[in-house]
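Encoded as structure tokens, the structure appears first; notes follow it.
Quick note: numbers below take in every heavy atom, side chains included, and nothing from hydrogens, waters or symmetry partners.
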Amino acid sequence: MPIDLKEIAAPLDAAAVSRLLPHRPRLLALGEPTHGEDALLRLRNALFRRLVEEHGYRTITLETDCLAGLLVDAYVTSGTGTLDAALEHGFSHGWGASAANRDLVRWMRAYNARAEEEGRPAADRLHFAGFDGPLEITHAASPRPCLTALHAHLAAHLDPALLPCTAEELDALLGEDDRWTEPAAMTDPARSCGRSAEAARLRLLADDLTALLDEQEPHLRAAAPPGERETVRLHARTATGLLRYHRAMADPSPARMSRLCAQRALMMAENLLALTARGPVLAHAQNAHFQRPKSAMRMWQGPVEWWSAGALVSARLGEEYAFLATALGTLRHQGVDTPPPDTVEGLLYAGLAGESHLVDARRLAAVLGDPPPAPRTSAWFGYAPLDPAHLPHLDGLVLLKDVPES
């Protein structure tokens with residue numbers, strides 16, 4: 001059946017997003033099919049600016065370390081530190097070196113500075129957040145920073161007799177950070193300390209400290225400002241999440257990698273849900289982290305399956321969650337050339353003029369019918385082509401026709 005793409009596609013901007021979605025979602029997720037391409041991040045930046053200026057968005061969250069991201073937020077909201085320091089220490093995975101990320105942080109700080117000068121209310125300030133755990137491909141972080149911060153907050157505001165341990169006991173159980181961050185533990189569960197007696201005790205203490213945070217909410221709400229309460233909640237989530245993750249790293253069973261992927265996704269989802277409490281949020285990450293269908297891949301231990309952060313958030317928020325996946329036409333400097341015409345990317349690439357477009361994914365899926373077209377293949381591991389079977393599960397599909405070299 002011939003497809004009139006003009007009926008289901010429009011140039012990408014905030015107005016097109018607003019027309020496509022039935023209402024403003026609490027969480028708008030914008031995915032990307034590859035990392036490290038500033039053209040994709042510039043598209044994200046432009047969309048966020050329009051969402052801020054026209055649709056009341058005040059928070060952006062990226063696939064980066066949630067604890068390190070606090071440094072970026074401090075710079076953005078109050079000018080604490082410097083732009084260079086925020087980029088160097090506030091991003092994980094080396095993404096602080098991105099020119100587009102620098103532009104984003106600089107623009108957010110300038111926006112907030114103007115808001116301060118004009119006397120606008122604090123609710124009008126922009127916020128930055130990471131929603132990934134403090135995890136790298138090679139290792140997971142020590143739970144020390146978040147556990148000690150959680151304990152210190154409670155100790156500062158509560159009777160010491162209520163706390164399940166002292167700071168000294170916590171420090172002794174944590175031991176040296178190197179035993180938590182051992183790179184060999186990622187592939188060898190025997191090298192992980194995640195199932196040691198100390199780790200088991202720390203998991204119980206993290207649960208007790210978090211329960212105490214909940215039990216004393218009326219008192220703590222009066223004792224600490226909102227920003228401090230949000231931060232200590234983040235520390236509590238991260239402490240429990242990291243200790244679960246380290247336990248999964250020590251798991252010798254065939255389900256080990258599925259548990260690790262699932263635990264990372266759960267940490268992401270909990271952070272995303274917490275951020276929506278302050279208002280509508282734009283989230284940006286690799287497409288796979290936001291998809292609604294179950295995730296699957298093959299690793300050295302065999303097949304791995306888990307529910308992504310997007311699937312978990314969608315189950316909780318329903319229509320308040322919207323996901324726009326991004327597909328590419330060409331990425332020639334990485335060997336991704338013009339897409340074959342019998343793929344979804346090829347159909348859109350040939351039929352749409354201009355650089356970026358927003359496509360009604362569900363209407364496109366209905367026109368294409370069942371079974372969907374074959375997926376595009378790529379010889380470059382860093383690029384994940386669109387899975388056409390996912391089209392009915394998307395709220396929109398962004399096409400960036402040609403990605404220039406950054």
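- Counting only residues at least two apart or on different chains, the salt bridge (Lys or Arg N to Asp or Glu O under 4.0 Å) pairs with a member in residues 86-104 are Asp84-Arg102, Asp103-Arg106.
- There is a side-chain donor-acceptor pair under 3.5 Å between Arg259 and Ser253.
- With salt bridges taken as basic N to acidic carboxylate O contacts below 4.0 Å, none links Arg332 and Glu405.
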Item to check | side chain to side chain contact (heavy atoms under 4.5 Å, CB included) assessment of Leu27 paired with Val281 | outcome: CA-CA 5 Å; Leu27 183 65; Val281 177; 3.8 Å; yes
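- Side-chain atoms of Arg292 and Ser314 form a donor-acceptor pair, as typed in the model, at a separation below 3.5 Å.
- Across Gly56 and Arg24, no two heavy atoms sit closer than the pair CA-NH1, 3.9 Å.
- Judged by distance alone, with hydrogens and angles left aside, the side-chain atoms of His246 form a donor-acceptor pair with the main-chain N or O of Ala141 at under 3.5 Å.
- In this structure, NE2 in His289 is found 6.0 Å from CD in Gln286, a value given to the nearest 0.5 Å.
- Residues meeting the side-chain hydrogen bond (donor to acceptor under 3.5 Å, both in side chains) test with Thr276, sequence neighbours left out: Arg26.
- Donor-acceptor pairing under 3.5 Å is recorded for the side chains of Ser98 and Asp38.
- Formation of a donor-acceptor pair under 3.5 Å by the Arg191 side chain with backbone atoms of Glu182 is not found in this model.
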Item to check | Candidate pair Asp337 and Thr330, rule side-chain hydrogen bond (donor to acceptor under 3.5 Å, both in side chains), full reasoning | outcome: CA-CA 5 Å; Asp337 292 318; Thr330 69; over 6 Å; no
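- Remark: aromatic rings of His35 and Trp95 are close, center separation under 6.0 Å.
- Between the side chains of Gln291 and His393, no donor N or O sits under 3.5 Å from an acceptor N or O.
- The distance from the CG atom of Asn271 to the CZ atom of Arg237 is 4.5 Å, given to the nearest 0.5 Å.
- Contact check for Arg44 versus Leu30: side-chain heavy atoms found under the 4.5 Å cut-off.
- Within the 4.5 Å cutoff, side-chain heavy atoms of Leu162 are placed close to those of Gln216.
- The environment of Glu169 atom CD is dense: over 12 non-hydrogen atoms of other residues, nucleotides or ligands sit within 6.0 angstrom.
- No donor-acceptor pair under 3.5 Å is formed between the side chain of Glu118 and the backbone N or O of Arg120.
- For the residue pair His333 / Glu37, a side-chain donor-acceptor distance below 3.5 Å is found, with atom types taken as modelled.
- His219 contributes no side-chain N or O that, together with a main-chain N or O of Glu215, makes up a donor-acceptor pair within less than 3.5 Å.
- Contacts classified as salt bridge (Lys or Arg N to Asp or Glu O under 4.0 Å) and involving residues 280-290 (residues at least two apart or in different chains) are not found.
- For the pair Thr343/Leu386, no side-chain contact is recorded, criterion being any heavy-atom separation below 4.5 Å from C-beta on.
- Between Val359 and Leu5, every side-chain heavy-atom pair lies at or beyond the 4.5 Å cut-off.
- Using modelled atom types, no side-chain atom of His139 and backbone atom of Leu135 make a donor-acceptor pair closer than 3.5 Å.
- Using a 4.5 Å cut-off on side-chain heavy atoms (C-beta onward), Asp124 and Glu116 make no contact.
- No donor-acceptor distance shorter than 3.5 angstrom exists from the side chain of His23 to the backbone of Ser18, with no hydrogens or angles considered.
- At distances below 3.5 Å, not a single donor-acceptor pair connects side-chain atoms of Arg298 with backbone N or O atoms of Val304.
- Between Glu176 atom CD and Cys193 atom SG the span is 11.5 Å, to the nearest 0.5 Å.
- Nearest heavy atoms, Glu320 versus Pro25: O-CB, 3.3 Å.
- Listed for the Ser192 side chain is no donor-acceptor partner under 3.5 Å among the backbone atoms of Asp188.
- For the atom pair CG (Leu242) and CZ (Arg264), the distance works out to 12.5 Å, reported to the nearest 0.5 Å.
- With 3.5 Å as the limit, one finds a donor-acceptor pair spanning the side chains of Arg376 and Tyr383.
- Rounding to the nearest 0.5 Å gives a distance of 12.5 Å between CG of Asp208 and CZ of Arg203.
- Residues Met249 and Leu260 meet the side-chain proximity criterion, which asks for heavy atoms closer than 4.5 Å.
- You'll find the side chain of Leu324 stays beyond 4.5 Å of the side chain of Leu394, heavy atoms only.
- Because its NZ or CZ atom is not both nearer than 6.0 Å to the ring centre of Phe48 and within 45° of the ring axis, Arg42 does not count as a cation-pi partner of that residue.
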Checklist entry - Hey, mind stepping through Gln263 and Leu266 against side chain to side chain contact (heavy atoms under 4.5 Å, CB included) and telling me if it holds? => result CA-CA 5 Å; Gln263 181 52 45; Leu266 180 59; 4.0 Å; yes
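- Heavy-atom minimum distance, Leu126 versus Thr77: O-CG2, 3.4 Å.
- Thr64 and Ser92 share a side-chain donor-acceptor pair at under 3.5 Å.
- Counting only heavy atoms from C-beta outward, the side chains of Leu358 and Leu397 never approach each other to under 4.5 Å.
- Around atom NZ of Lys294, more than 12 heavy atoms belonging to other residues, nucleotides or ligands sit under 6.0 Å away.
- To the nearest 0.5 Å, the span separating CG on Leu282 from CZ on Arg58 amounts to 13.0 Å.
- Salt bridge Arg125/Asp73: absent, no basic N to carboxylate O contact under 4.0 Å.
- At distances below 3.5 Å, at least one donor-acceptor pair connects side-chain atoms of Thr61 with backbone N or O atoms of Ala129.
- When all heavy atoms of Leu43 and Ser356 are compared, the closest pair comes out as CD1-CB, 3.9 Å.
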Checklist entry - For Arg233 and Glu228, what are the C-alpha separation, side-chain angles and deciding distance, and is it a salt bridge (charged side-chain N to carboxylate O under 4.0 Å, His left out)? => result CA-CA 9 Å; Arg233 287 285 175 186; Glu228 185 177 336; over 6 Å; no
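- No side-chain N or O of Asn45 forms a donor-acceptor pair with one of Arg50 less than 3.5 Å apart.
- Side-chain atoms of Asp395 and Tyr321 form no donor-acceptor pair, as typed in the model, at a separation below 3.5 Å.
- Between the side chain of Trp180 and the backbone N or O of Leu174, at least one donor-acceptor pair lies under 3.5 Å.
- Side-chain contact of His284 with Glu63: a donor-acceptor pair under 3.5 Å is absent, judged by distance alone.
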